[in-house]
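Notes for the one structure printed next.
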Amino acid sequence: MQNGKSAGGSSAATTPGTGSLGAIIPGAVIPGSQTRQYGRGIPLLFACAALALLAAQPPAMAANGKTRLASDLELSTVGFFQAQDLIPKNDKPRTAKCLAQAMVMDIPEPDAAKLADVYEKRAKADNALAQKWLTVTKKDAPARNAQVMTQVKKICPDLGPYLERVL
């Protein structure tokens with residue numbers, strides 16, 4: 001870059017301290033830059049206000065407890081299903097997602113939020129709560145297994161036979 005011109009011949013904002021913010025935020029008015037497309041900085045003001053509103057919301061408000069827990073369970077069960085030979089390779093990610101959604105369906109929102117917080121290391125472990133809702137094998141919790149399998153048959157009936165063999 002020589003004399004404020006780039007190699008392509010176009011002029012760029014080269015005033016010290018301005019950087020290329022005008023190119024990143026169209027319409028932003030940066031003192032000393034050549035990017036003054038929309039006037040007196042109103043678009044920059046709106047962009048800053050929008051970013052401030054987004055930053056003010058805690059991440060937990062982005063999704064409810066059930067959604068967060070289902071996501072956490074899906075991530076934690078994907079590895080388990082990768083090791084299972086009973087499930088076809090193409091169905092393994094979908095099976096993990098189906099099981100996670102089915103497990104969460106019957107959990108009350110406050111319990112789901114607390115379990116999600118535990119998974120995300122925002123709260124101390126609650127073994128009794130985890131035992132109650134997350135133990136789903138036919139051997140260890142037959143009633144909970146029946147509950148989850150009922151949901152599996154509603155959400156993803158084609159994956160039910162795989163999950164019955166695994167659980």
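Treat the numbers as computed from the prediction; the structure is a model and nothing was measured.
- To the nearest 0.5 Å, atoms CG (Leu129) and NZ (Lys114) are separated by 6.5 Å.
- Leu134 is listed as a side-chain neighbour of Leu73, based on a closest heavy-atom distance under 4.5 Å.
- Here Ala116 pairs with Arg68, Leu69, Asp72, Glu120 under the side-chain contact (heavy atoms from CB on, under 4.5 Å) rule; sequence neighbours left out.
- Listed by chain and residue number, nothing satisfies the side-chain hydrogen bond (donor to acceptor under 3.5 Å, both in side chains) test with Ser76 (two or more places apart in sequence, or in another chain).
- When every heavy atom of Val166 is checked against every heavy atom of Phe81, the shortest pair comes out as CG1-CE2, 4.2 Å.
- Residues Asp106 and Arg144 are in side-chain contact: their nearest non-hydrogen atoms beyond the backbone lie under 4.5 Å apart.
- To the nearest 0.5 Å, atom CG of residue Asp111 and atom CD of residue Glu109 are 9.5 Å apart.
- In Lys66, the NZ atom is crowded: over 12 heavy atoms of neighbouring residues, nucleotides or ligands sit closer than 6.0 Å.
- Both Trp133 and Met149 belong to a single network of hydrophobic side chains, linked directly or stepwise wherever heavy atoms of I, L, V, M, F, W or Y lie under 4.5 Å apart.
- The closest donor-acceptor contact from the side chain of Thr135 to the backbone of Lys132 lies at 3.5 Å or more, if one exists at all.
- Of the possible donor and acceptor atoms, one in the side chain of Thr150 sits under 3.5 Å from a partner among the backbone N and O of Ala146.
- Here the closest non-hydrogen pair linking Pro161 and Pro157 is CD-O, 3.6 Å.
- The hydrophobic cluster containing Ile107 also contains Leu167, counting ILVMFWY residues as joined when their side-chain heavy atoms lie under 4.5 angstrom apart, directly or transitively.
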message = Let's go through Leu75 and Tyr119 carefully: what are the C-alpha distance in whole Å and the side-chain angles of both, what is the deciding distance for side chain to side chain contact (heavy atoms under 4.5 Å, CB included) to 0.1 Å, and is it a yes or a no?
response = CA-CA 11 Å; Leu75 290 174; Tyr119 262 91; over 6 Å; no

Distance-only donor-acceptor hits, side chain of residues 94-105, under 3.5 Å, sequence neighbours excluded:
| from | atom 1 | to | atom 2 | distance (Å) |
| --- | --- | --- | --- | --- |
| Arg94 | NH1 | Asp158 | OD2 | 3.4 |
| Arg94 | NH2 | Asp158 | OD2 | 2.5 |
| Thr95 | OG1 | Asp91 | O | 2.6 |

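- The CG atom of Asp140 sits 10.0 Å away from the CG atom of Asn145 when rounded to the nearest 0.5 Å.
- Lys92 places a side-chain N or O within 3.5 Å of a backbone atom of Gln84 that can act as its donor or acceptor partner.
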